[in-house]
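Working notes, structure below.
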Amino acid sequence: DLEAREHEAREYMLHLDKATGLRKNRASLAEWEYTSNITKENEEKSIQTHLELSRQEKAAWEETKMYGWQDFQDFTLRRMFKKYSQLGVAALPDDKFQALMRTVSGMESNYATAKICSYKNESKCDLSLEPEITEIFSTSQDPEELKHAWVEWHNAAGATAKKNFTDYVNLYNEAAKLNGFDNVAEWWQSEYEVPDFEEQLAKLWEDVKPLYQQLHAYVRKRLRDKYGDKVVSARGPIPAHLLGNMWAQTWNNIESFTRPYPDKKEIDVTQAMRDQNYTPMKMFQMSDEFFRSLNLTAMPEKFWKNSIIEKPTDREIVCHASAWDFFDGEDFRIKMCTTVNVEHLRTVHHEMGHIQYFLQYRHQPSVFREGANSGFHEAVGDTIALSVSSPKHLRRVGLATGDAEDEQTEINQLYKMGIDKIAFLPFAYTLDLFRYGVFRRKTLPEDYNCHYWKLREQLQGVEPPVNRTEDDFDAAAKYHVSANVEYARYYVSFIIQFQFHRALCQLAGEHAAGDPNKKLVDCDIYQSVAAGNALANMLKMGSSKPWPDAMEALTGQREMKADGLLEYFRPLHDWLRAENQRTGEHIGWEPTNMEYC
Ligand SMILES: C=C(C[SeH])C(=O)N1CCC[C@H]1C(=O)O
Ligand SMILES: [Zn+2]
């Protein structure tokens with residue numbers, strides 16, 4: 001009878017989940033060895049280990065099919081079986097599984113090791129994305145130097161990946177079908193466990209688009225003031241190489257010469273960090289201390305022993321920041337090529353947020369040791385960083401001086417947050433809208449690049465600095481496309497982190513709607529055990545419940561909504577509307593004159 005069947009299934013599931021934890025540990029170790037020392041040999045080892053593990057997963061999957069779990073009464077047992085019923089890429093036959101692994105490791109190692117020549121010294125051709133090219137984009141105000149770096153990087157890391165990418169799409173789609181999906185787009189969206197995920201993304205974009213368009217208009221005007229109307233037009237898209245970031249995804253690096261009130265004292269955290277001899281280690285210790293101040297878990301001893309927090313000089317590694325769970329309850333690591341500046345201070349908190357999530361749900365069955373959805377995992381560290389970025393906190397830790405905010409300083413602060421958080425939304429939205437079209441074969445290889453830029457122009461209002469052809473493949477010049485990392489998670493994160501922040505600030509007594517002394521922009525939850533305990537309760541759940549239950553546990557809301565973000569930025573939205581009115585700046589953008597289709 002059902003009772004007996006569930007009892008037997010429970011015994012089986014305990015055994016399976018333990019075996020799964022060991023498999024995940026081996027897979028993580030193999031992946032770590034390869035990405036922290038990129039050699040052909042380590043690539044082969046990683047692929048062979050993953051192949052061996054995929055065979056074991058397939059055998060286990062065959063067994064789970066024998067259990068009629070769909071009618072089990074025990075919610076958790078049924079949910080575990082449901083997750084195990086998804087075999088993943090291991091459903092591919094061995095040869096195709098290996099071929100798929102090779103396309104991804106080929107693209108990722110190409111991206112990680114790509115080099116370009118310097119604009120100022122054409123014989124110097126050993127510039128990597130981190131730190132050299134990133135440094136150029138954060139400091140250069142020479143449009144020609146920026147254009148050179150943009151074009152050379154997109155050639156070296158983008159165009160070269162096109163062949164691998166088209167093979168990857170075919171093989172990955174075959175795996176999707178073996179898992180019961182029409183294509184990878186449906187598979188990726190199924191992880192969010194809501195039937196209308198793509199419609200929700202579109203609705204969120206409609207909610208935030210007016211605010212983005214105001215910010216875009218203002219920034220375009222300030223860039224035109226600086227570079228002239230030959231470089232930045234009055235009514236067209238913004239050239240993508242002038243926004244302080246290789247992908248124009250966050251615009252922090254142009255803050256110093258575009259902020260609303262330039263004569264107001266600027267908080268230059270990077271300068272303060274350098275003046276105070278900050279090291280990468282100190283940045284990590286500072287972040288660890290913030291989490292401990294919330295009564296959350298300290299980084300375990302293995303974290304400090306096994307993490308790689310600076311770029312090695314003796315080998316090639318994947319520098320893109322990442323956080324790792326080795327599924328043994330003790331071994332958690334970050335790999336990051338940290339440089340001492342405010343952008344990496346934010347990234348350190350972002351990565352430490354991943355580790356804190358791992359720590360909070362490490363008691364869960366291994367199949368539930370993941371975010372409530374992938375957006376949750378990306379939002380933890382960023383939510384903490386919203387407090388860390390507040391002038392109040394920066395003063396508290398000695399990275400800013402001066403007194404409390406006046407109106408104009410507050411607008412400057414909201415602007416600084418807006419060019420990071422609002423600017424990012426259309427970028428994140430387009431990256432996976434593009435890939436959804438590719439996986440659904442609505443976008444064919446012969447017009448990948450045209451379609452990529454059409455989306456970026458329509459939604460983000462940016463254009464390439466030079467004409468593009470189908471010999472280019474600019475999407476792969478972004479890490480997540482070359483490394484097969486889904487991106488809607490960041491779009492979700494940048495929305496829900498404001499819902500989390502608002503709830504935590506209320507719990508910390510730092511925010512009360514309508515109270516001018518408790519504005520969201522000034523909130524710092526540092527040392528609030530009440531906030532920390534509420535956050536921990538949500539994180540401990542892992543993916544054991546559908547994410548609306550986790551969201552409700554912390555915020556009382558069961559949906560992702562832009563209301564948190566819009567409330568946070570309302571004073572900036574009002575100011576931008578008035579300012580664009582005053583200058584008569586055109587809101588929105590007309591089609592570009594650049595050719596890319
Ligand atoms: C820091 C990470 C590792 Se999960 C990252 O990829 N992020 C964090 C913010 C957006 C996205 C990016 O860099 O594109
Ligand atoms: Zn992340």
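From a predicted model like this one, the values you see are computed outputs, not experimental measurements. First listed ligand is number 1; within each ligand, the first listed atom is number 1.
Using cut-offs of 30° and 60° on the angle between ring planes, the pair Tyr357 and Tyr361 is tilted.
Here Phe424 and Tyr491 keep their ring centres 6.0 angstrom or further from each other.
Side-chain contact, Thr338 with Glu310: no donor N or O sits under 3.5 Å from an acceptor N or O. Inspection of the Gln499 and Thr555 side chains reveals no N or O donor paired with an N or O acceptor under 3.5 Å. With 3.5 Å as the limit, one finds no donor-acceptor pair spanning the side chains of Asn412 and Glu255.
For the ring-ring contact (aromatic ring centres under 6.0 Å, His included) with Phe165, the qualifying choice from Tyr111, Phe439, Phe473 is Phe473, the only one to do so. Between Trp150 and the choices Asp474, Leu242, Ile133, the side chain to side chain contact (heavy atoms under 4.5 Å, CB included) rule is met once, by Asp474.
Relative to the ring axis of Tyr212, Lys209 does not place its NZ or CZ within 45° and under 6.0 Å from the centre.
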Does the side-chain contact (heavy atoms from CB on, under 4.5 Å) test come out yes or no for Met352 and Asp288, once each step is laid out? CA-CA 7 Å; Met352 295 285 264; Asp288 179 45; 3.7 Å; yes

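If you count the protein N, O or S atoms nearer to the Zn ion (ligand 2) than 2.8 Å, you get 3.
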N or O contacts of ligand 1 with protein under 3.5 Å, please list pair by pair.
| unit_1 | atom_1 | unit_2 | atom_2 | d |
| --- | --- | --- | --- | --- |
| ligand 1 | 6 (O) | His320 | NE2 | 2.7 |
| ligand 1 | 6 (O) | His480 | NE2 | 2.8 |
| ligand 1 | 6 (O) | Tyr490 | OH | 3.3 |
| ligand 1 | 14 (O) | Gln249 | NE2 | 3.0 |
| ligand 1 | 14 (O) | Lys478 | NZ | 2.8 |
| ligand 1 | 14 (O) | Tyr487 | OH | 2.6 |

